[in-house]
K.L.:
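Pasting a structure below so you can have a look.
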Amino acid sequence: MKPPRFARVVLVTPDGALVGALPALPVATPWWQDVAPVIATVREAHGVEVIVLRVLEIAPNPKSVKVTYLAEVSEPVAAAEPWDGELDDQPLRNSYAKLGGPAADLAWANTILAEKGLTPAGPPRQVRTWNLSSLWAIPVQGQTVWLKAIPPFFAHEAPLIEALAGEAVPTLLGHGDGRFLMAELPGADLFEAETDQLFGMVDLLVGIQAKWIGREAALFALGLPDWRGPALTAAITEVFERTAPELSTKNRGALTAFIADLPRRFADLAACGLPDTLVHGDFHPGNLRGDGEHLALMDWGDSGVGHPLLDSSAFLDRVPADSLEAVRAVWLAHWREAVPGSDPARALTLLAPIAAARQAAIYRGFLDNIEPAEHPYHAADPVDWLSRTAALVRAEPRGDSPR
């Protein structure tokens, strides 16, 4: 369970003038990037409307976390206290985290809405902002459309969603310049999905992946990263070398042997018969939305090209224990049907530590491409995922057929 969050908000006007800081207040949810309740708390306590730009500081203690945010406000606020921090410039700062950035995003969205003949039916609502995305809900006639702004390393997300048109994915109303606008998806996010819904999610993903087998060139042309054997081996090796001083001696030893053996492991994986294809990259129930009749897979920013079962580990980790074997069996059955003669069960065993190590490489990539104030979001992840990789390697039976 994440510790409770207290939010302190530093205020600036659109011209960059520092107003001061509002004292820290408890916020309804613990997730640092969840800014809608921060905005609601400031509104309720001070009667002020703010737009959150970014995190300035994250200060945890054993019982709670104090998060200091920078926010735009239209005019000075009487309740603000002096703040002696410094507002710097950072080369890796996302456009939506800069003064005027959200206003530019909303102006772009309004242009797209006008082109589509849609008129806003109320004020836009800021939902989330952090180093991986900015998300706004905009009410229009009969629906709520979603504006998403993304960092450069996720630039392939909108082109991929466009290429997936006709599948159970969001419908794009427009995209460009690191932003895209999506039509409303019916239902709710399915973090607490029932077993039958989990089956449907697996069926949806495998159906999409099977259609992209043999089309890797088209995916690379959209800008997706390469997670096939050689590229992933290089990425895993690099993150291990950079993280090794933070790992235990036991884990370093297990990972050294694992990395040396990766070429053979990937060769055994290829022999299982499942070809490389589209990988969602962050496939879990919370990234699907539905209402019993509809189901859609969202958040394609983490997508890449690699082994299709790379998507299994994050999903299966979130499946309730009493549904796990059934969901796993359905997943394997889908792939046996999609690729007759393949051995997805063997592939799943071989992939387990590779999938964990890939997560370490992904988070290392985030850290390399975000500004320092945002590092607390991901700083512990490379060590955590490499430690999980080492544990999986040690748990493999000796002489078992990973060899």
Side-chain angles (χ1 to χ4, degrees), residues 2-61 63-106 123-137 147-151 178-179 366-367 369-380:
K2 292 182 73 67
R5 174 175 50 149
F6 289 77
R8 187 185 190 200
V9 181
V10 176
L11 302 174
V12 291
T13 55
D15 61 1
L18 178 65
V19 174
L22 299 175
L25 292 170
V27 180
T29 66
W31 299 284
W32 306 340
Q33 65 270 44
D34 187 10
V35 298
V38 175
I39 294 166
T41 297
V42 171
R43 181 188 300 122
E44 181 178 350
H46 302 290
V48 176
E49 292 295 330
V50 300
I51 295 174
V52 177
L53 296 176
R54 61 184 183 271
V55 160
L56 294 175
E57 183 182 16
I58 298 173
N61 65 53
K63 294 185 178 180
S64 65
V65 178
K66 184 169 83 169
V67 185
T68 302
Y69 298 92
L70 180 68
E72 279 191 45
V73 65
S74 61
E75 58 187 22
V77 176
E81 304 169 342
W83 183 72
D84 59 3
E86 182 178 349
L87 299 177
D88 61 356
D89 291 321
Q90 288 290 331
L92 294 176
R93 181 162 296 154
N94 289 309
S95 62
Y96 54 80
K98 299 177 181 179
L99 279 169
D105 292 339
L106 291 168
R125 181 172 63 91
Q126 190 178 22
V127 177
R128 180 178 67 210
T129 192
W130 63 323
N131 54 78
L132 300 184
S133 67
S134 165
L135 190 65
W136 290 77
L147 167 63
K148 187 173 183 180
I150 50 177
R179 317 171 176 112
F366 291 165
L367 289 165
N369 288 283
I370 63 176
E371 63 175 288
E374 302 263 0
H375 280 204
Y377 279 106
H378 312 295

K.L.:
Atom CD1 of I150 and atom CG of L135: how far apart are they, to the nearest 0.5 Å?
P.N.:
12.0 Å

K.L.:
Could you pull out the closest heavy-atom pair between A79 and P23, with the gap in Å?
P.N.:
O-CD, 4.3 Å

K.L.:
What's the shortest heavy-atom distance between Q126 and I39, and which atoms?
P.N.:
OE1-CD1, 3.3 Å

K.L.:
Going from CD1 on I51 to CG on L106, what distance comes out if it is rounded to the nearest 0.5 angstrom?
P.N.:
6.5 Å

K.L.:
With sequence neighbours left out, what residues match E81 under salt bridge (Lys or Arg N to Asp or Glu O under 4.0 Å)?
P.N.:
none

K.L.:
Answer yes or no: is there a side-chain heavy-atom contact under 4.5 Å between P151 and N131?
P.N.:
no

K.L.:
About how many Å separate CD of E374 and CG of N94, when rounded to the nearest 0.5 Å?
P.N.:
7.5 Å

K.L.:
Measuring only between side-chain heavy atoms, which start at C-beta, is Q90 closer than 4.5 Å to P372?
P.N.:
yes

K.L.:
Quick check: does any side chain N or O of E72 sit under 3.5 Å from a backbone N or O of G100, one acting as donor and the other as acceptor?
P.N.:
yes

K.L.:
Within a strict 4.5 Å, meaning less than it, do heavy atoms of the I370 and L92 side chains meet?
P.N.:
no

K.L.:
Are any of the side-chain heavy atoms of E44 and L25 separated by less than 4.5 Å?
P.N.:
no

K.L.:
Could you tell me if the side chain of V52 sits less than 4.5 Å from the side chain of V9, heavy atoms only?
P.N.:
no

K.L.:
Hey, could you give me the CH2/CZ distance between W136 and R179, rounded to the nearest 0.5 Å?
P.N.:
12.5 Å

K.L.:
Using the side-chain contact (heavy atoms from CB on, under 4.5 Å) rule, take E49 and S74 through it: C-alpha gap first, then chi angles, then the decisive distance, then the call.
P.N.:
CA-CA 8 Å; E49 292 295 330; S74 61; over 6 Å; no

K.L.:
Mind listing the closest non-hydrogen atom pair of G16 and L99 along with its distance?
P.N.:
CA-CD1, 3.4 Å

K.L.:
Just wondering, do V19 and T13 contact through their side chains at under 4.5 Å, heavy atoms?
P.N.:
yes

K.L.:
First locate atom CZ of R5, then atom OG of S64, and finally report the distance between them rounded to the nearest 0.5 Å.
P.N.:
12.0 Å

K.L.:
How would you list, by chain and number, every residue that makes a salt bridge (Lys or Arg N to Asp or Glu O under 4.0 Å) with R125, sequence neighbours excluded?
P.N.:
none

K.L.:
Heavy-atom distance under 4.5 Å between the side chains of V73 and H46, does that happen here?
P.N.:
no

K.L.:
Check the pair I58 / V65 against side-chain contact (heavy atoms from CB on, under 4.5 Å), numbers first and verdict last.
P.N.:
CA-CA 7 Å; I58 298 173; V65 178; 3.7 Å; yes

K.L.:
Around atom NZ of K63, are there more than 12 heavy atoms of other residues, nucleotides or ligands at under 6.0 Å?
P.N.:
no

K.L.:
Please report the closest heavy-atom contact between D105 and A149, naming both atoms and the distance.
P.N.:
OD2-CB, 3.7 Å

K.L.:
Atom CG in L22, atom CG in L11: separation rounded to 0.5 Å?
P.N.:
4.5 Å

K.L.:
Would you say the side-chain atoms of R93 pair up with the backbone N or O of E371, donor to acceptor, closer than 3.5 Å?
P.N.:
no

K.L.:
For D89, does the CG atom sit with more than 12 other heavy atoms under 6.0 Å from it, leaving out its own atoms?
P.N.:
no

K.L.:
Spell out, as yes or no, whether a donor-acceptor pair under 3.5 Å connects the side chain of Y69 to the backbone of W32.
P.N.:
yes

K.L.:
Shortest non-hydrogen contact from L56 to A373?
P.N.:
O-CB, 3.8 Å

K.L.:
Looking only at non-hydrogen atoms, find the nearest pair between V27 and V38 and report the distance.
P.N.:
CG1-N, 3.9 Å

K.L.:
Okay, side chain of Y377, backbone of L367: is any donor-acceptor separation there less than 3.5 Å?
P.N.:
no

